[in-house]
Amino acid sequence: MDKQKNRVQRRTAMVLTICTIGVVGMLGRLFYIQVGAPHNMQGHDLVASAVEQRREKFELNSGRGDILDRSGVSMTGSVLHGIVVLPVWQQNLDRKKINDLAMLLHTSTENLLKALNEKDEPFLLRLPDLNGQIRTVSLTKEEEAKVQQLGLTGIYAKEVKVRYDDQSVARHVIGFLGEDPNLVANTWGGKYPLDEKVGKLGLEYQYQDELRGLGLSKTIAYYTDAYKRPINGLGIRESTDENHALNVKTTLDSDIQHSVEGAMDRWGLQKGAVVVLDAESEDVLAMASRPNYDQNSLAKSSDAFPVNRALQATFPGSIFKTVIAAAALETGAVKPTDTFDCPGYLDIGDGRLNCWTTHGHETVEEAYAESCNVVFAQLAMKLGRDKIEEYAKKFELGQTVGLLHNNQSQFYGEDAGSIFAKEYTSDRLLANTGIGQEDVRMSPLQAAHMMAVVANGGMGGHPRLVKSLTTSDGLIYTEYPSSDKQRILDASTAAELQKWARDVVSMDKGTAHAALGSAAMTVAGKTGTAQTGDPNANNQWFAGYAPADHPKYVVVVMGESVTQGRATENIANQIIGALPK
């Protein structure tokens, strides 16, 4: 009995000893953290972190580098002289000064107080305009000085650099910023704070490190207690650190970009894309996609994540006949003088391929201008799979076409597309391929490159989007030269294709004659209409260049899943009319 009692006492003593050691260890650890000199745990200053958690701030300038057009015009930064409101404005409230501010801003005191109470975090003041629309207050220099003279606590006239405003263009190319801890951890190895806004699309994503710089922003801040109440003693603080970020200078022309997007919106392009290239260099002068999106307020749904349709491959329809024409001419499968008959259909085995109309007796040149399915289905069957693939690859279809940077395309999310996806080959497969259906997928950027090869007499390079990285004072840090040109087609083949492309617009029966026959410049190109699997919708294309005889610009317009009307050529016409002569 005594032995059992002693055993229990020993066990109890052992447990109490272990618990005592544990408590002493914890107390020692707490003492070290709170009183020890380093205040540093695994590289983090705990005191600084505790203070930082109580800091509320408004970002006056992200410090992030700008994305510029080819002339150095910023496409990611508009400077606004507005009013920054910090929640401390309610402390020591001077009613007379609030009344004076309301008069200065041409509003009522009631409206002003309502706007000041809009948020419990720092924000830019917004007030209703004459039409009742709520807009951010924008001050003149005189108004800015008068606001400062009022000396209101928590209400400050400040110069704010807004990264994206309501007038921003090329949104799918530029991209947007957002908090994404998983992206920071997985893509950038957690080298940024997990709550930092990073590039999530387009150039903002691809050049995140360069645009970010040191990650320092210019802010105005105040500190709060544990209940989020402003602490008076610490006051308002404004940071002035230099970030030393780089700018990304693109090939885009902001004037052309604006005219492109204006044309898309005027003609109601709901879903689709436009690409404009410099015909000689293949630099991208404009690239736009629809539907558009708000860079400052993205939907949470993953289904709503923006898609740049200029880089997405889809059914090209008859613009792919340009590849078939090039292959047929260069291999001798057809001569320009060869003639065909189109009864409006072509029987293939036990099936039938329909043409969009009955063309009757026609030359192959007329068949291209009038977009005859019967003729190009026959040419595709005559060429065979290998030749079609060979010439598609010459035009860099079925692969990314953009200029490479670090072994990746400069174009975020560029789709390679496809020509054939099935292992078997049949006459019906070849016939459908010949008219840009079946497995054929092409992006508007690829279509623009294809037309640039024709416009350049058979020579082709790679489309370029980024020219250089520059410092804040405009010095070149890294340069990305245009790619060297290579011969893609024989000069004689390209010359014949140029003639056929002019016919598409100039001939009375040419499919683009009605819309582009009287354009501001002479135009050459190819139209396309592709089935999508939906009997009530199709893809509509125009891919061409201008002026026809001395090409300066390549213009591609694609409308995806269009249910009524045909706006592609009208959009192209308006764009061409606005291009510098």
Side-chain angles (χ1 to χ4, degrees), residues 69-70 75 168-174 202-203 250-279 282-293 306-317 319 401-402 411-415 417 442-452 455 463-465 512 515-516 519-521 523-530 539-546 551-562 565-580:
D69 85 342
R70 64 193 300 108
M75 303 181 77
S168 64
V169 291
R171 297 180 186 183
H172 295 81
V173 177
I174 289 168
L203 295 172
T250 70
T251 61
L252 298 172
D253 183 306
S254 58
D255 290 335
I256 295 176
Q257 184 73 38
H258 276 94
S259 66
V260 161
E261 300 204 28
M264 295 170 78
D265 294 339
R266 176 191 172 188
W267 291 99
L269 185 63
Q270 300 295 315
K271 190 176 181 182
V274 172
V275 176
V276 179
L277 299 184
D278 179 297
E282 295 195 49
D283 279 355
V284 176
L285 301 178
M287 178 179 283
S289 178
R290 291 294 183 271
N292 217 344
Y293 73 100
V307 174
N308 187 352
R309 286 182 165 77
L311 304 175
Q312 292 296 299
T314 187
F315 298 100
I319 66 168
V401 69
F411 300 85
Y412 173 86
E414 184 187 353
D415 195 346
M442 183 190 301
S443 72
L445 181 65
Q446 289 174 320
H449 169 69
M450 177 182 73
M451 278 301 168
R464 181 176 66 154
L465 177 61
L516 291 164
M521 301 182 198
V523 182
K526 185 73 188 76
T527 61
T529 303
N539 290 349
Q540 299 176 0
W541 292 77
F542 174 77
Y545 53 88
K552 290 179 64 177
Y553 307 101
V554 174
V555 178
V556 172
V557 182
M558 185 275 291
E560 187 175 333
S561 300
V562 180
R566 187 175 182 93
T568 47
E569 285 81 62
N570 291 322
I571 293 172
N573 190 20
Q574 182 173 330
I575 291 170
I576 290 167
L579 291 171

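Because the structure is a prediction, the values reported are computed rather than measured.
M75 contributes atom CE, which lies 4.5 Å from atom CD1 of I174 (distance to the nearest 0.5 angstrom). For the atom pair CZ of R309 and CE of M558, the computed distance is 7.5 Å after rounding to the nearest 0.5 Å. Atom CD1 of I576 and atom CZ of F542 lie 5.5 Å apart (nearest 0.5 Å). Distance CE/M451 to CD/Q446: 13.5 Å, rounded to 0.5 Å. Taken from NZ in K526 to CD1 in I319, the straight-line distance is 9.0 Å, to the nearest 0.5 Å. To the nearest 0.5 Å, atom OG of residue S259 and atom CG of residue L285 are 10.0 Å apart.
Here the side chain of Q540 pairs a donor or acceptor atom with the backbone of G565 at under 3.5 angstrom. No side-chain donor-acceptor contact under 3.5 Å links S443 to the backbone of G417. With Q257 contributing its side chain and V169 its backbone, the two residues share no donor-acceptor pair below 3.5 Å. Side-chain atoms of Y553 never come within 3.5 Å of backbone atoms of V276 as a donor-acceptor pair (strictly under, hydrogens ignored). Judged by distance alone, with hydrogens and angles left aside, the side-chain atoms of N539 form no donor-acceptor pair with the main-chain N or O of E560 at under 3.5 Å.
Under the salt bridge (charged side-chain N to carboxylate O under 4.0 Å, His left out) criterion, the residue pairs touching residues 253-268 are E261-R290, D265-R290, with sequence neighbours excluded.
Contact record, P306 with H172: CB-CD2, 4.0 Å, taken as the closest heavy-atom pair. Of all non-hydrogen atoms in A452 and L277, the two that sit nearest each other are CB-CD1, 4.5 Å. Across every non-hydrogen atom of P580 and K552, the tightest pair is O-NZ, 3.8 Å. Contact record, A263 with I571: O-CG1, 3.9 Å, taken as the closest heavy-atom pair. Considering all non-hydrogen atoms of both residues, L252 and A170 come closest at CD1-CB, 4.2 Å. When all heavy atoms of V554 and A448 are compared, the pair lying nearest together is CG1-O, 3.5 Å.
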> Are R566 and T529 close enough, and set up right, to give a side-chain contact (heavy atoms from CB on, under 4.5 Å), and what steps lead you there?
Replying inline: CA-CA 10 Å; R566 187 175 182 93; T529 303; 2.9 Å; yes
>> Evaluate V401 against M450 for side-chain contact (heavy atoms from CB on, under 4.5 Å), listing each step before the verdict.
In response: CA-CA 10 Å; V401 69; M450 177 182 73; over 6 Å; no
>> One pair to check against side-chain contact (heavy atoms from CB on, under 4.5 Å): M264 and I575. What are the steps and the verdict?
In response: CA-CA 9 Å; M264 295 170 78; I575 291 170; 5.6 Å; no
> Stepwise, does the side-chain contact (heavy atoms from CB on, under 4.5 Å) test hold for W541 with T314?
Replying inline: CA-CA 11 Å; W541 292 77; T314 187; 3.8 Å; yes
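Under the 3.5 Å distance criterion, with hydrogens and angles disregarded, no donor-acceptor pair is assigned to the side chains of D283 and T251.
For the side-chain contact (heavy atoms from CB on, under 4.5 Å) criterion with F411, the lone passing option out of N308, L203, V284 is V284. When each of V556, V260, T568 is checked for a side-chain contact (heavy atoms from CB on, under 4.5 Å) with V274, only V260 meets the rule.
Applying the ring pair (Phe, Tyr, Trp, His ring centres under 6.0 Å) criterion to H449, with sequence neighbours excluded, gives no partner residue.
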